[in-house]
Undergrad: 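Provided herewith is a single structure, encoded as structure tokens, for subsequent inquiry.
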Amino acid sequence: ALAAAPKNEDEKRARKDTANRVLTILKAALNHALDRHRVQDGSTWRAVKPFRNVASARLRFLSPEEMLRLVNVCPPDFRRLVQAALFTGARYGELCRMKVQDFDATSGTVLVAESKSGKPRRIALTPEAQAWFKSETAGRAAGELLFTRTGVERRKRTAVGSAWGRSDQSRFMAQACEAAKLD
């Protein structure tokens with residue numbers, strides 16, 4: 001069955017953006033075949049150009065009331081991760097790798113040792129965030145992961161012990177957003 005026509009310009013843009021992502025994957029597969037001498041020439045797919053100006057970041061800022069609702073509906077281990085994300089703006093993977101020693105109470109910063117770009121960076125914390133990080137790190141060993149989860153059972157060892165794994169947050173975040181009535 002054919003998909004229904006896009007209802008508005010945003011839906012049309014979203015479909016073009018999806019087509020661009022599929023094209024990227026297809027070109028990667030075809031280039032792999034070319035590298036392995038499975039095809040003779042790559043000029044045909046290299047001539048295909050993606051749609052322009054269709055990718056756009058989804059910007060959504062939570063109000064203080066929405067942040068509070070979100071934090072309040074999260075289970076304890078996930079709540080700590082969400083609070084740290086709200087205080088720092090750090091990505092999920094950056095938070096999962098964060099260690100107790102990465103919080104510097106003297107400078108009021110937290111270190112992201114391994115960022116998406118591969119370069120370390122320091123995040124300045126508000127006084128409220130500094131107090132929160134002080135309480136989270138108090139009495140803990142420097143090399144210990146800052147954010148862990150309890151009751152983790154894994155079929156495959158994708159994470160160390162009780163560390164948060166690659167997509168462990170997805171289900172928790174979906175449930176929390178639904179419970180907090182956030183889109």
Side-chain angles (χ1 to χ4, degrees), residues 10 14 17-18 20-22 24-25 28 54-183:
D10 191 54
D17 190 33
T18 299
N20 283 352
R21 284 194 304 277
V22 171
T24 299
I25 294 166
V54 295
S56 64
R58 286 178 262 164
L59 293 179
R60 169 79 162 90
F61 295 97
L62 298 178
S63 70
E65 295 79 22
E66 290 173 321
M67 286 187 242
L68 188 59
R69 280 198 330 255
L70 178 63
V71 168
N72 286 339
V73 298
C74 292
D77 291 345
F78 187 59
R79 180 180 302 136
R80 293 175 54 244
L81 204 57
V82 169
Q83 286 175 298
L86 292 170
F87 282 136
T88 64
R91 291 178 169 84
Y92 171 71
E94 295 170 340
L95 293 170
C96 291
R97 291 185 294 273
M98 205 170 276
K99 295 184 177 171
V100 171
Q101 68 198 18
D102 295 334
F103 170 62
D104 183 353
T106 306
S107 66
T109 62
V110 69
L111 172 69
V112 175
E114 186 184 330
S115 68
K116 185 176 179 180
S117 69
K119 297 178 184 175
R121 72 177 192 281
R122 285 215 163 264
I123 299 170
L125 300 171
T126 64
E128 180 187 3
Q130 289 176 44
W132 185 84
F133 271 92
K134 274 182 191 172
S135 71
E136 288 297 315
T137 56
R140 295 176 64 192
E144 184 182 337
L145 284 175
L146 189 50
F147 304 104
T148 57
R149 41 184 305 213
T150 55
V152 181
E153 286 186 33
R154 300 189 186 282
R155 279 182 252 143
K156 211 165 109 181
R157 278 279 169 221
T158 55
V160 178
S162 59
W164 284 90
R166 190 179 211 45
S167 297
D168 286 350
Q169 86 290 5
S170 297
R171 182 174 47 89
F172 288 105
M173 187 56 116
Q175 290 170 344
C177 286
E178 186 177 329
K181 295 179 176 39
L182 299 173
D183 54 329

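These numbers come from a predicted model, not from an experiment.
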Undergrad: Taking the side chain as everything from C-beta on, heavy atoms only, tell me whether Met173 gets closer than 4.5 Å to Phe78.
TA: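 Yes - at least one pair of side-chain heavy atoms lies under 4.5 Å apart.
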Undergrad: Less than 4.5 Å apart, any side-chain heavy atom of Asp183 and any of Arg60?
TA: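 Yes; the side chains approach each other to less than 4.5 Å.
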Undergrad: Which heavy atom of Gly165 sits nearest a heavy atom of Tyr92, and at what distance?
TA: O-OH, 2.6 Å
Undergrad: Could you state the interatomic distance from CD (Glu66) to SG (Cys177), rounded to the nearest 0.5 Å?
TA: 10.0 Å
Undergrad: If I compare all heavy atoms of Ala163 with all of Arg149, which pair ends up nearest, and what's the gap?
TA: O-CG, 4.2 Å
Undergrad: Hey, are the side chains of Thr148 and Asp77 touching, using non-hydrogen atoms and a 4.5 Å cut-off?
TA: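 With C-beta onward as the side chain, the pair stays apart.
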Undergrad: Donor-acceptor pair, distance only, cut-off 3.5 Å: does the side chain of Arg140 make one with the backbone of Lys99?
TA: no
Undergrad: Which heavy atom in Arg97 sits nearest to a heavy atom in Glu114, and how many Å separate them?
TA: NH2-O, 2.9 Å
Undergrad: Knowing that exactly one of Val110, Leu111, Leu81, Leu145 qualifies, which makes a side-chain contact (heavy atoms from CB on, under 4.5 Å) with Met98?
TA: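 The residue from Val110, Leu111, Leu81, Leu145 that satisfies side-chain contact (heavy atoms from CB on, under 4.5 Å) with Met98 turns out to be Val110.
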Undergrad: Could you tell me if the side chain of Thr88 sits less than 4.5 Å from the side chain of Leu95, heavy atoms only?
TA: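 A side-chain contact under 4.5 Å exists here.
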Undergrad: Look only at the side chain of Gln130 and the backbone of Leu125, and say whether a donor-acceptor pair between them is shorter than 3.5 Å.
TA: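 At least one qualifying donor-acceptor pair exists.
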Undergrad: Look at the rings of Phe133 and Phe87 and say which category their plane angle falls in: under 30° parallel, 30 to 60° tilted, over 60° perpendicular.
TA: tilted
Undergrad: If you measure from CG on Leu86 to CG on Leu70, what distance do you get to the nearest 0.5 Å?
TA: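 Here the rounded value is 6.5 Å.
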Undergrad: For the atom pair NZ (Lys116) and NZ (Lys119), what is the distance rounded to the nearest 0.5 Å?
TA: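 Answer for the NZ-NZ pair, Lys116 versus Lys119, is 14.5 Å.
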Undergrad: Nearest 0.5 Å please: distance from the CZ atom of Arg122 over to the CG atom of Asp102.
TA: 7.5 Å
Undergrad: Looking only at side-chain N and O atoms, does Arg21 offer a donor or acceptor that is under 3.5 Å from a partner on Thr18?
TA: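 Checked: Thr18/Arg21 side chains pair up, N/O donor to acceptor below 3.5 Å.
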Undergrad: In terms of the angle between their ring planes, are Trp164 and Phe172 parallel, tilted or perpendicular, with boundaries placed at 30° and 60°?
TA: perpendicular
Undergrad: Which distance, rounded to the nearest 0.5 Å, do you find between the SG of Cys74 and the CZ of Arg80?
TA: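 Result: 12.5 Å between the selected atoms.
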Undergrad: Near Glu144 CD, under 6.0 Å, is it more than 12 heavy atoms from other residues, nucleotides or ligands?
TA: yes
Undergrad: Quick check: closest heavy atoms across Arg79 and Val71, and the distance to 0.1 Å?
TA: NE-O, 3.0 Å
Undergrad: What closest approach, in Å, do Val73 and Ala180 show between heavy atoms, and which atom pair accounts for it?
TA: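 Looks like CG2-CB, 4.0 Å.
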Undergrad: Could you tell me which non-hydrogen atom of Trp132 sits nearest to which non-hydrogen atom of Ser135, and how far apart they are?
TA: O-OG, 2.8 Å
